[in-house]
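From a predicted model like this one, the values you see are computed outputs, not experimental measurements. Quick note on labels: first sequence line is chain A, next is B, and so on, each numbered from 1.
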Protein chains: 2
Amino acid sequence: MAQTAADWRERQREATRVEIRRTARGLLVESGPEAMSVSAIARRMGLSGPAIYRYYGSHDHLMDAVIAELFNELTEAIEQARGGRAAPGERLLAMSRALRSWATARTAEFRLLFAAPVPEANRRPDSERRQAGEQFDRIFLREVEALWAERPFPAPDLDRLDPALRAQVLAYTERKRTALPPAAVHVFLTCWTRLYGLLVMEALDQLAFAYTDLDPVFEACLDDISAMLGISEPR
Amino acid sequence: MAQTAADWRERQREATRVEIRRTARGLLVESGPEAMSVSAIARRMGLSGPAIYRYYGSHDHLMDAVIAELFNELTEAIEQARGGRAAPGERLLAMSRALRSWATARTAEFRLLFAAPVPEANRRPDSERRQAGEQFDRIFLREVEALWAERPFPAPDLDRLDPALRAQVLAYTERKRTALPPAAVHVFLTCWTRLYGLLVMEALDQLAFAYTDLDPVFEACLDDISAMLGISEPR
DNA sequence: AATCTGAGTTACAGGCTCTAACAAAAGTTA
DNA sequence: TAACTTTTGTTAGAGCCTGTAACTCAGATT
């Protein structure tokens, strides 16, 4: 089917949006998050400020778009790292390391994604940003499902959990429509929170009081997680 | 000794500074961190903007002062919660819960302290802010020292640690002049990072994707930590 | 009483977000 | 091709912000 002129205009429009986001990200990396101002982006693009508002209705909307794009990029990087290796355990470790590589190589971006308060906007279930975030979570969940399918790891009996916690784990299990039994979901969430927490603290420099090099700290965390998930790491 | 007029002036000055910080904090709680602008603070105090600069040289300096004050307040709240109970283990749990209570009751303030990138300023070892932060860390370390003295918890042999990690633990042990053996310091840091990470993630709403109520999650984390530190919790 | 100091003031420079009104470019149609 | 419509840019400006400069004025010192 031939392209209509409207299609072409729309493509032009999208190209400009891409350039706006690219410029914003350049400023982020060079000069920090507060440098991503509408004015500064426009200036760098050779436009005058208000022109940007033709493409993004507000600074917040622009930020959401940048964040969603980064989420997708990160997701892709991790899927790349997963590769086609046989053992799900190894894949999971590779993915975790890829996540951290991304976080340390792109600290400014990582902070934007994870080390900033999740704003109201992200609560809207239809927001592009939220979608991107959820897809990101999912790739880890899927991998743990594969791991469980291949060789179930020890999961504590749900009855031993605090009822309030159990209810939330059940709700999450339901929501995500995962094949994993709730007890395993609980283990997954525990691991995930731990990994995630460490990376966020690192990104915020909040661990500088004790550590200067977090490589071995992260590896120790991975050891813990491997133990919980019954992954025997080839040392 | 009688007070000189200069003393009185200095007291006035300090009183004004206190009011500035109090006003800033009010704005923080009511309208978020970005509401703590010099202008807004002055406006609310019935002053004109530049007056504030007589008391704090820049917005950043003012923020540092607010943060240092909050650190001290938090430290005091935790020392309060420690109380005089006999068992160091119970004291540690009480302190941890007090920390979380403070974090959840005063989310905006907690975010300011822990969930924002540690700026350069905090690297200056003489900064009031850094001092306050270090004193905060110390109270937990001191308590673990007491715990260790009373009943040493199992600590893994240092030789089993990654050399890079071991070096950092040794350096930290040295720096803090603690009586704790390095192996125990490592356990302490692991526990602390875990607790800390969970609270920061909660404060940033980064766990909302899975949990709505973090009370039981936190308690589960405390269970883990108790196990590592050999604290038998009375259930 | 004259002077000095410190705390406040206004004015302003330069940044930001975002709206309003207008100009120019580009595509559409008679 | 000429006239019309839509889209994309422009400038002007309101109203925030941080921070500096220059001024006023009250209170303490000499």
query = Considering only heavy atoms from C-beta outward, does the side chain of Leu180(A) approach that of Thr173(A) to under 4.5 Å?
reply =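 Heavy-atom side-chain distance check fails, nothing below 4.5 Å.
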query = Is there a side-chain contact between Val38(B) and Tyr56(B), using heavy atoms and a 4.5 Å cut-off?
reply =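 A side-chain contact is absent here, since even the closest heavy-atom pair is not under 4.5 Å.
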What is the separation between atom [atom1] on [X] and atom [atom2] on [N], rounded to the nearest whole Å?
X	N	atom1	atom2	result
Glu10(A)	dT7(D)	CD	P	10 Å
Arg9(A)	dT8(D)	CZ	P	7 Å
His61(B)	dT18(D)	NE2	P	15 Å
Leu47(B)	dT10(C)	CG	C1'	14 Å

inquiry  = Going by the rule side-chain hydrogen bond (donor to acceptor under 3.5 Å, both in side chains), which residues pair with Arg100(B) if we only count those two or more places apart in sequence or in a different chain?
reply    =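 side-chain hydrogen bond (donor to acceptor under 3.5 Å, both in side chains) check on Arg100(B) returns Glu202(B), Asp215(B).
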key: Cation-aromatic face contact Arg129(A)/Phe71(A), 6.0 Å, 45 degrees   =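 No, a cation-pi geometry is absent between Arg129(A) and Phe71(A).
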request  = Sequence neighbours left out, what pairs pass salt bridge (charged side-chain N to carboxylate O under 4.0 Å, His left out) with at least one residue falling in residues 35-59 of chain A?
outcome  =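 Of all non-adjacent pairs touching residues 35-59 of chain A, those that pass salt bridge (charged side-chain N to carboxylate O under 4.0 Å, His left out) are Glu30(A)-Arg44(A).
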key: Residue pairs passing the salt bridge (charged side-chain N to carboxylate O under 4.0 Å, His left out) test where at least one lies in residues 191-200 of chain A, sequence neighbours excluded   =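 Qualifying pairs, neighbours excluded: Arg194(A)-Asp224(A), Arg194(A)-Asp224(B).
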Proximity to DNA chain C (any heavy atom under 4.0 Å), residues of residues 14-44 of chain B only =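 Listed by number, there are none.
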Near-strand residues of residues 49-59 of chain A, defined as heavy-atom separation under 4.0 angstrom from DNA chain C =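 Heavy-atom cutoff 4.0 Å gives Pro50(A), Tyr53(A), Ser58(A), His59(A).
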Phosphate OP1/OP2 of dT10(C) contacted by Ser48(B) side-chain N/O (<4.0 Å) =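 So the side chain of Ser48(B) is within the cut-off, an N or O lying under 4.0 Å from OP1 or OP2 of dT10(C).
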inquiry  = Looking at Arg13(B), I'd like to know whether one of its side-chain N or O atoms comes within less than 4.0 Å of OP1 or OP2 on dA7(C).
reply    =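 Checking Arg13(B) against dA7(C): at least one side-chain N or O falls below 4.0 Å of OP1 or OP2.
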Partners meeting ring-ring contact (aromatic ring centres under 6.0 Å, His included) with Phe218(B) (sequence neighbours left out) =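 In terms of ring-ring contact (aromatic ring centres under 6.0 Å, His included), with neighbours along the sequence ignored, Phe218(B) is linked to no residue.
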request  = Report the relative orientation of the aromatic rings in Phe110(B) and Phe114(B); use parallel for angles under 30°, tilted for 30 to 60°, perpendicular for over 60°.
outcome  =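 It falls in the tilted class, 30° to 60°.
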